[in-house]
Number of protein chains: 2
Amino acid sequence: MIDPHIASAFDRDLEAIQAMLMKMGGLVEASILNGAEALERRDLEMAEAVRAGDKAIDRLEEQVNEEATRVIALRAPTASDLRTVMTVIKISANLERCGDYAKNMAKRTTVLAETPPVGSASVSIRKLAREVQMMLKDALDSYIQRDADLAQQVIERDEDVDQLYNALFRELLTHMMEDPRNITPCMHLHFVAKNCERMGDHVTSIAEQVIYLVTGEMPDDARNKQDETPFMTDEG
Amino acid sequence: MIDPHIASAFDRDLEAIQAMLMKMGGLVEASILNGAEALERRDLEMAEAVRAGDKAIDRLEEQVNEEATRVIALRAPTASDLRTVMTVIKISANLERCGDYAKNMAKRTTVLAETPPVGSASVSIRKLAREVQMMLKDALDSYIQRDADLAQQVIERDEDVDQLYNALFRELLTHMMEDPRNITPCMHLHFVAKNCERMGDHVTSIAEQVIYLVTGEMPDDARNKQDETPFMTDEG
């Protein structure tokens with residue numbers, strides 16, 4: 001930008017918005033871990049806390065949107081500054097979706113607590129959730145550090161998440177075949193597993209945004225991955 | 001805006017972007033209908049056309065994003081003009097997700113074609129998809145006409161979609177209990193049904209954006225609906 005005052009004013013505004021985004025990211029990471037732990041331990045109090053906590057995440061997304069729009073109107077950023085603000089808006093939308101999936105995991109915990117445990121499925125789900133949370137942490141770091149390499153690594157790790165999900169999908173199918181009484185709990189566990197896999201897709205999308213921000217190029221090999229994995233399971 | 005030249009230039013740019021958005025909406029509506037028809041008729045050629053067609057939808061979303069960003073940088077719109085551009089960006093993201101779900105329905109058709117038909121599930125799914133497509137049409141009309149009442153009606157109709165989904169969920173559970181050989185096809189049919197229900201949530205989110213654009217108030221009663229319905233089915 002030409003005017004250094006405007007530039008520095010923009011930078012201060014952007015820092016404030018990024019702080020909100022990072023706070024949002026921290027809350028979402030915690031929801032994912034706590035949601036999975038509540039599911040495994042059938043801890044209804046912890047599950048309820050995750051459900052309640054999603055409201056704060058939703059509010060933060062609204063704040064990020066309002067602030068970003070205000071900054072665009074006030075500072076009229078151009079080129080890379082504008083691209084950065086647009087990226088922040090998109091990342092906050094991905095975070096909000098992850099928060100919804102974590103909340104949903106917590107809701108199913110209340111339902112699943114009334115059904116018999118199905119093998120070690122909830123342990124596998126916790127592994128899956130843990131992997132997604134670590135990917136999210138790195139994706140947010142890659143944004144702050146403008147590190148396209150780290151973002152690329154996050155995208156590649158989504159395949160591990162897909163594989164964990166596929167193994168779980170087969171495990172659940174087996175339990176359903178074995179005993180019809182497992183069908184209802186397995187349907188819910190499968191939703192939880194699928195939602196973890198979807199969170200991985202949203203984290204991947206965050207990493208793609210970072211690469212776009214840093215390089216100006218959008219990687220399209222990782223596009224539209226959600227819901228692809230079950231087809232792999234048909235072969236497995 | 002003060003300067004009529006800038007104002008009219010912005011309006012021309014906005015019209016061009018809205019034209020892209022409407023084209024995108026038309027393609028998504030067609031994908032939803034054709035995806036469901038291909039599933040019911042087990043028409044693999046039609047399914048393949050839906051899969052291939054999603055690329056055009058993705059490209060349109062990228063164009064909408066690029067154009068919207070360009071217009072913001074070039075025209076520096078403020079207040080309601082800026083809000084309109086931000087709304088267009090959000091609506092195009094919702095449309096892109098609906099396109100992905102339709103593509104996914106088409107992919108599962110290839111898998112389901114190799115399994116025995118399960119009752120009249122694919123007929124019910126087509127009803128569900130048809131309802132979502134009509135909601136989407138009205139949501140896009142409500143945007144163009146800036147009609148908050150029509151948008152509110154769309155939001156309320158999402159409950160019909162949820163009910164159709166719940167009935168289907170119970171139907172599939174019954175088939176799975178009856179015969180384990182139904183489990184695999186039912187898992188796929190359930191995904192398709194769930195994705196239709198999720199499309200309804202994205203259409204609802206479009207209608208919410210329209211209400212926000214027209215009234216300045218975001219209705220929050222319809223927020224975060226996705227994945228809630230299976231809990232109702234536990235009572236049913």
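Sequence lines set the chain letters: A, B, ... in the order given, protein chains first and strands last, and positions in each chain run from 1. Keep in mind that what you see is a predicted model, and the values were worked out from it rather than measured.
For A:T115, the side chain to side chain contact (heavy atoms under 4.5 Å, CB included) test picks out A:R42, A:L112, A:P185, with sequence neighbours left out. With sequence neighbours left out, B:I57 forms a side chain to side chain contact (heavy atoms under 4.5 Å, CB included) with B:M24, B:L27, B:V28, B:S31, B:D54. Residues satisfying the side chain to side chain contact (heavy atoms under 4.5 Å, CB included) test with A:I211, not counting sequence neighbours, are A:A148, A:A151, A:Q152, A:I155, A:T215, A:P219.
Few gaps surround CZ on B:R70; more than 12 heavy atoms of other groups in view lie less than 6.0 Å from it.
Taking 4.5 Å as the heavy-atom cut-off, the residues of residues 85-93 of chain B that approach chain A are B:M86, B:I89, B:K90, ordered by number.
Using a 4.0 Å cut-off between charged nitrogen and carboxylate oxygen, A:E197 and A:K194 count as a salt-bridge pair.
A side chain to side chain donor-acceptor pair (under 3.5 Å) with A:R75 is found for exactly one of A:D81, A:D11, A:D13, namely A:D13.
Interface check for chain A: of the options B:R181, B:E114, B:R83, B:M176, the most heavy-atom pairs under 4.5 Å are formed by B:M176.
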